[in-house]
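As a basis for the values below, the full set of heavy atoms in this structure was taken, side chains included, without hydrogen atoms, waters or symmetry mates. So that the names make sense, note that chain A is the first sequence line, chain B the second, and so on, each numbered from 1.
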Number of protein chains: 2
Amino acid sequence: MNTLGYAILSALGRKSYSGYELGKYLDNVWPAKHSQIYPLLTKMEEKGFLVHEIVEQVGRPNKKIFSITEKGKQALEKWIAKSPSDPIHRDEFLIKIYSASLLGEENSIKLVHERIAKLDESIASLSGKITEIEQMEELETTSKEFGRYLLFSRKYRLAEEEKAWCHWVLDKLKNKKIKFTVLFLAFAGRFSLPLDVFSWAAII
Amino acid sequence: MNTLGYAILSALGRKSYSGYELGKYLDNVWPAKHSQIYPLLTKMEEKGFLVHEIVEQVGRPNKKIFSITEKGKQALEKWIAKSPSDPIHRDEFLIKIYSASLLGEENSIKLVHERIAKLDESIASLSGKITEIEQMEELETTSKEFGRYLLFSRKYRLAEEEKAWCHWVLDKLKNKKIKFTVLFLAFAGRFSLPLDVFSWAAII
DNA sequence: CTCGTCATGTAATTCGTTACATGATTGA
DNA sequence: TCAATCATGTAACGAATTACATGACGAG
């Protein structure tokens, strides 16, 4: 079985889902389209890792709720124990920002602003989800929501950090001439100095 | 042409590279194996986006150095102007940490420690590259190294942030026990057990 | 009245990885 | 001497995206 299969098992290890619902959850860890998910669910059921029951609904299509089997759990546990392979990041934005000089200053700035807007959206949605989980009492490491909590917190922190980087880039693009300030910002960023960078810049 | 093709053009927009060298650079923005790169370079040359010259070497295989053409530059500029599609992140570690409860506390902690070790490696290598670029005078936004500088700085900051998140997770995984200790102490207090405040504080 | 959500599936195509091939050089 | 780096290529396979299909419901 491939990684997608294990991602599905890991989701079903906590709660039963339909293929449609799985598609949404998977976005957080291993994005896949429904055209990949549905046939795989069928295969996994044939191999005995899953079972499903049909839930009839009114006013909307019936759904198949999949549950993990004992065999599925064993396969998952075995896979989880092995050390994970390296993550894969593919990001067109990075290719474009790399060639920022071809874009010209104005368009580069626009590109970064658009990135910030997307990050802001993501941050807003994540902070909602996070406070929702935090509201619940008894957030134990064994709780059903704990895994999601870790994932959302990570995504939130990384989004905030990338946003900070974006602003740093904007500064570079705009303050081309103020080299010393820029270098200082890079320095402070690398060592996480607890200094108010703007006041520092103001002093210079 | 696909995104990989544009990633190649964007690299060649700054400097000419061999297919082998491109493979390394691309890791930062759009990872690809040589088996994907070489045939694509041939196709792109057929379409007039690239040209190559053979550089003969002693003691090692000859190489083909590819350069972007005017047609290639135009194609790249056109593509860069469009807004980038969403990034794709696939990370087995996230699937595994999501199912941390199946792993047990000890193995979860081990998993996170291994992640930290990888991040540390990455951080060390990046900070070397960054200081190297910073050492150069005249780091203008139009400089050849500017794009790499932005990319490396971003990766560095995100790695540091993920590391901080890892430590936060470790704290969560470990503090489970402290909760019980606190509960026990509260319980002991109700019965006026002979515990002094200082040992209580020390345990917390 | 169109667009987004819910809900599942297949078919065609492209993208990406692994494996097959070759071979000299250098450092641990 | 074993692995890694340099260097390029093809073939087979598996993974992922896009397009084809269907259809009801509710919000704007």
To the nearest angstrom, the CD1-P distance between B:I54 and D:dA7 comes to 14 Å
A:Y98/B:Y25 aromatic ring centres below 6.0 Å = yes
How many Å lie between CG on B:N2 and P on C:dT17, as a whole number?
-> 12 Å
Considering only heavy atoms from C-beta outward, does the side chain of A:K96 approach that of B:W79 to under 4.5 Å?
-> yes
Could you tell me the separation between the CD1 atom of B:I37 and the P atom of D:dC6, rounded to a whole number of Å?
-> 14 Å
Can you tell me the distance, in whole Å, between the CD atom of A:Q36 and the P atom of C:dT13?
-> 19 Å
Interatomic distance where OH belongs to B:Y38 and P belongs to D:dA11 [whole Å] | 17 Å
Of all residues at least two apart in sequence or in a different chain, which pass the salt bridge (Lys or Arg N to Asp or Glu O under 4.0 Å) check with A:K163?
-> A:D120
Check the pair B:K47, B:K43 against side-chain contact (heavy atoms from CB on, under 4.5 Å), reporting the backbone distance first and the verdict last.
-> CA-CA 6 Å; B:K47 291 194 177 168; B:K43 269 188 201 167; 5.7 Å; no
Using a cut-off of less than 4.0 Å, is there contact between a side-chain N or O of A:W30 and OP1 or OP2 of D:dA15?
-> no
Modelled atom types, side-chain donor and acceptor of A:E92 and B:Y6, under 3.5 Å | no
How many Å lie between CG on A:L40 and C1' on C:dT10, as a whole number?
-> 15 Å
Proximity to the side chain of B:Q57 - top-ranked nucleotide from C:dG9, D:dC6, C:dT17 = D:dC6
When rounded to whole Å, the CZ to C1' distance for the pair B:R90 and D:dA15 reads 8 Å
List the protein contact pattern of nucleotides 19-28 of chain D with one symbol per nucleotide (5' to 3'): B for base contact, S for sugar-phosphate-only contact, - for none; contact means a heavy-atom distance under 4.0 Å.
-> B---B-S---
Do B:W30 and A:F93 have ring centroids that are under 6.0 Å from one another?
-> no
Classify the nucleic acid contact of B:K63 as base, sugar-phosphate or nothing, counting any heavy atom under 4.0 Å across all strands shown.
-> sugar-phosphate
Roughly how many Å is it from OH in A:Y17 to P in C:dT8, rounded to a whole number?
-> 14 Å
Centre of A:Y17's six-membered ring, under 6.0 Å away, within 45 degrees of the axis: is that where NZ or CZ of A:K15 sits?
-> yes
Residue mapping more 5' on DNA chain D - nearest nucleotide basis, B:K24 or B:T42 | B:K24
Between C:dT8 and A:Y20, is there an OP1 or OP2 to side-chain N/O distance shorter than 4.0 Å?
-> no
